[in-house]
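I have placed the structure first, in the form of structure tokens, so that the comments after it can refer back to it.
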Amino acid sequence: MLLIVPADPMRPRRPDPHFAPEAQAARGAGHQVAVVDHDALAAGRDPGRAVAAVPAADDAVYRGWMLSAVGYAAFAAALRARQVTLRTDPDQYRRAHELPGWYATAAALTPESRWTVGVDRTDFDRVRTGLGAGPAVLRDWTKSAKHHWHEACFVPELADAEAAWRIATRLRALRDDDFTGGFVLRRFEPLSGVEVRTWWVAGRCVLTGPHPDTPGELPDAPVDTAPLTPVLAALGLPFVTADLARHADGRWRLVEIGDGQVSDRPSTMAPEALIAALT
């Protein structure tokens with residue numbers, strides 16, 4: 001396996017400090033490590049030059065900062081020109097990274113959701129009324145602004161059209177150039193306890209641990225990943241994360257699926273454990 005990580009912007013031949021522990025763990029396990037210019041990739045500037053330090057490899061895994069689906073496709077194309085094959089192809093990345101790509105397969109395990117294509121008010125009102133009354137959680141296709149919960153994430157009442165649109169407008173402003181796809185409205189479900197992040201390779205759960213937002217906390221009850229196994233098998237994605245939380249009624253609910261390459265590792269998870277799981 002070749003592990004590809006972002007370069008340190010100040011010392012471009014070295015891994016970004018955030019991913020340096022994983023790079024070190026990969027080298028310690030006998031794997032090659034290469035760095036890329038993430039800022040250039042994210043900006044769409046000369047992806048060929050951004051990956052110029054990557055050697056040929058037939059099984060490469062990226063562990064780094066988030067890229068848009070378009071940016072990832074350009075990244076993959078630039079690597080192919082250097083005879084490098086990413087384990088996760090661009091279509092698989094998009095399906096894991098964007099909620100519309102995985103929602104239908106996982107709908108029974110996750111809150112009811114509807115979304116727009118773009119940011120038109122009429123389309124937003126259509127999905128809002130289609131979801132019905134009651135509270136909801138708002139995000140775009142890839143991410144929420146949950147740290148701005150009351151102003152840009154939580155919609156107390158879908159029937160209040162003006163209040164809902166104010167929250168949507170604020171989300172759009174906060175996400176700015178990172179806003180992706182359109183608005184997603186998800187029916188609010190009462191959850192108890194902390195989220196957990198599960199890691200899946202080739203449809204098999206290989207690690208279960210804390211969520212990066214609460215790295216020192218785990219739920220009191222054992223995590224039940226069994227209902228997710230057929231879902232991940234059906235999606236056919238090579239490396240993903242699935243975040244879970246317990247509903248107030250005790251059921252485990254899927255909060256979201258993400259591409260494992262750009263999912264953050266909690267600080268309390270040993271990087272060696274993740275590298276071992278990948279191989």
Hey, does [Y] have a side-chain heavy atom less than 4.5 Å from the side chain of [X]?
| X | Y | result |
| --- | --- | --- |
| Asp243 | Leu254 | no |
| Arg175 | Thr142 | yes |
| Asp259 | Thr88 | yes |
| Thr105 | Arg95 | no |
| Leu86 | Val61 | no |
| Val54 | Leu2 | yes |
| Phe124 | Asp120 | no |
| Ile4 | Phe75 | yes |

Exercise. Of all heavy-atom pairs between Pro266 and Pro210, which one has the smallest distance, and what is that distance?
Worked result: CG-O, 3.4 Å

For this session: For the pair Glu98 (side chain) and Pro100 (backbone), establish whether a donor and an acceptor sit closer than 3.5 Å, ignoring hydrogens and angles.
Result: no

Problem set entry | Leu158 backbone acceptor or donor facing Arg128 side chain under 3.5 Å | yes

Exercise. Among Val262, Leu3, Val5, whose side-chain contact (heavy atoms from CB on, under 4.5 Å) with Tyr62 holds?
Worked result: Val262

Problem set entry | Partner of Cys205 under side-chain contact (heavy atoms from CB on, under 4.5 Å), chosen from Thr208, Val201, Leu207 | Thr208

For this session: Assess whether side chain to side chain donor-acceptor pair (under 3.5 Å) is satisfied between Thr116 and Arg126, documenting all intermediate values.
Result: CA-CA 9 Å; Thr116 70; Arg126 177 184 59 79; over 6 Å; no

For this session: Give the ring-plane orientation class for Phe154 versus Trp149, where under 30° counts as parallel, over 60° as perpendicular and anything between as tilted.
Result: parallel

For this session: Mind running salt bridge (Lys or Arg N to Asp or Glu O under 4.0 Å) on Asp140 and Arg172 for me, showing each step along the way?
Result: CA-CA 8 Å; Asp140 68 15; Arg172 178 70 182 86; over 6 Å; no

Test of understanding: clusters of I, L, V, M, F, W, Y form through side-chain heavy atoms closer than 4.5 Å, transitively. Do [X] and [Y] belong to the same one?
| X | Y | result |
| --- | --- | --- |
| Leu138 | Val127 | yes |
| Leu185 | Trp102 | no |
| Trp252 | Val255 | no |
| Leu99 | Leu109 | yes |

For this session: For Asp178, enumerate each residue passing the salt bridge (Lys or Arg N to Asp or Glu O under 4.0 Å) test, keeping only those at least two apart in sequence or located in another chain.
Result: none

Exercise. How would you list all residue pairs meeting side-chain hydrogen bond (donor to acceptor under 3.5 Å, both in side chains) that involve residues 63-86, not counting sequence neighbours?
Worked result: Asp16-Trp65, Glu22-Arg63, Tyr72-Gln261

More than 12 heavy atoms of other residues, nucleotides or ligands under 6.0 Å from [atom1] of [X]: yes or no?
| X | atom1 | value |
| --- | --- | --- |
| Arg204 | CZ | no |
| Arg121 | CZ | yes |
| Glu272 | CD | yes |
| Asp249 | CG | yes |
| Asp58 | CG | no |

Problem set entry | Intermediate values then yes/no, salt bridge (Lys or Arg N to Asp or Glu O under 4.0 Å), Asp8 and Arg14 | CA-CA 6 Å; Asp8 183 339; Arg14 299 187 182 186; over 6 Å; no

Problem set entry | Distance in Å, Gln92 CD paired with Arg87 CZ, rounded so as to fall on 0.5 Å steps | 11.0 Å

For this session: To the nearest 0.5 angstrom, please state how far the CG atom of Leu218 sits from the CD atom of Glu195.
Result: 12.5 Å

Exercise. Do Trp115 and Ser113 have a side chain donor and acceptor closer than 3.5 Å?
Worked result: no

For this session: Applying salt bridge (Lys or Arg N to Asp or Glu O under 4.0 Å), run through Arg139 and Glu256 and close with a yes or a no.
Result: CA-CA 11 Å; Arg139 52 172 287 173; Glu256 66 177 343; 3.0 Å; yes

